[in-house]
Amino acid sequence: MSYWLMKSEPDVFSIDDLRRKGPRGTHWDGVRNYQARNFMREMKPGDQAFFYHSNCKEPGIVGVMEVVREAYPDHTAFDPKDPHFDPKSDPARPRWYMVDVAYVEKFPRTITLDALRLNHSLAEMLILRRGNRLSVTPVTASEWKAVMKMVASSTDHSR
DNA sequence: GCCAACGTTGGC
DNA sequence: GCCAACGTTGGC
C-alpha cells in the first residue's frame with residue numbers, strides 16, 4: 001500500500017465536502033499537471049492519502065482519505081463548459097486522468113503547514129520543498145507515521 | 001492582492 | 001532545442 005498527499009482549495013472542495021459524498025467517495029478531477037497525473041496513475045485502491053487544504057487561511061493537512069478506484073479518464077477535460085476544459089484532450093486519447101477517493105477521517109485539528117515545517121523528521125517531505133506546487137505527491141511510510149504522531153499529540157492537547 | 005516559483009507554449 | 005512570454009499555484 002502506498003501513501004499520498006493531495007491538495008485542494010477548501011473554497012472549491014473541502015474535506016467536509018468529501019465526507020458528504022459518503023463511503024463510495026467521489027472523483028478527484030481537474031488535475032492538469034503531468035507529474036501529478038502520473039502519480040495518480042500509480043495509485044491503487046486501498047492507498048491512503050492526506051487531504052491538504054491549500055490557498056486558505058490555515059493551510060495544512062486536515063484529514064485522511066482512501067483511494068477507492070484506480071485512475072480513469074477525467075471527463076471534465078472534454079467539457080467546454082468546465083473550468084478545467086482542455087481542447088487537446090481527446091476522448092479517444094485522453095490526456096488527463098482522475099481517481100476516486102473516499103473520506104476516512106478528519107483530524108480534530110489541522111496539522112498546519114507551519115507545524116509540518118517545524119517537524120525535523122519531515123524535512124524531506126515534497127510538500128515542504130521550496131517552490132513546490134504539485135497538487136499530488138507521494139508520501140513515505142515514515143512521513144505518514146510522523147504526521148499521524150502529530151495528530152495523536154494534538155488530540156491529547158485538546159483534552 | 002502581491003509576487004516568487006514553476007510549468008507550458010510557441011516563435012525562431 | 002532554446003528561451004522569452006505567459007499563465008497558474010499558493011503562501012503570505
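Fair warning: this is a prediction, and the values are worked out from it, not measured in the lab. Residue numbering restarts at 1 for every chain, and letters A, B, ... go by the order of the sequence lines. Any value given below was found using the heavy atoms of this structure, including those in side chains, with hydrogens, waters and symmetry copies removed.
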Practice problem: Show the numbers, then the answer: is there a side chain to side chain donor-acceptor pair (under 3.5 Å) between A:Asp79 and A:Thr76? | Solution: CA-CA 5 Å; A:Asp79 178 2; A:Thr76 65; over 6 Å; no
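- Shortest non-hydrogen contact noted between A:Asn55 and A:Glu9 is ND2-OE2, 3.3 Å.
- Summarising the geometry, the separation between CD on A:Gln35 and P on B:dT8 is reported as 9 Å, rounded to the nearest angstrom.
- For the pair A:Arg32 CZ and B:dT9 C1', the interatomic distance rounds to 17 Å; values are reported in whole Å.
- Both A:Asn132 and A:Asn55 sit near DNA chain B, but only A:Asn55 has its closest nucleotide nearer the 5' end.
- Protein atom CG of A:Leu126 is 13 Å distant from nucleotide atom P of B:dC6, rounded to whole Å.
- Between A:Ile61 atom CD1 and C:dG11 atom P the separation is 12 Å, expressed in whole Å.
- Spacing between atom CG of A:Asn33 and atom P of C:dG7 amounts to 18 Å, rounded to whole angstrom units.
- Atoms CD1 (A:Ile127) and C1' (C:dG11) sit 11 Å apart, rounded to a whole Å.
- In this structure, A:Glu58 places its CD atom 14 Å from C1' of C:dC12, rounding to the nearest Å.
- Between A:Phe39 and A:Trp4, the ring-plane angle classifies as tilted under the 30° and 60° cut-offs.
- Contact annotation: A:Tyr52 side-chain N/O to C:dG11 OP1/OP2 distance is under 4.0 Å.
- Between A:Arg95 and A:Gly131, the one whose closest nucleotide on DNA chain B sits nearer the 5' end is A:Gly131.
- Counting distance only, with no hydrogens placed and no angle test, the side-chain atoms of A:Arg133 and the base atoms of C:dT8 include a donor-acceptor pair under 3.5 Å.
- Backbone-only engagement by A:Lys88 is indicated by non-hydrogen atom pairs under 4.0 Å involving sugar-phosphate atoms exclusively.
- A straight line from CZ of A:Arg117 to P of C:dG10 spans 13 Å, rounded to a whole angstrom.
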Practice problem: Quick one: do A:Tyr72 and A:Trp96 satisfy ring-ring contact (aromatic ring centres under 6.0 Å, His included)? Show the steps, please. | Solution: CA-CA 8 Å; A:Tyr72 59 105; A:Trp96 304 116; over 10 Å; no
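- Taking 4.0 Å as the cut-off between side-chain N and carboxylate O, A:Asp16 and A:Arg19 count as a salt-bridged pair.
- Neither OP1 nor OP2 of C:dT9 sits under 4.0 Å from any side-chain N or O of A:Lys7.
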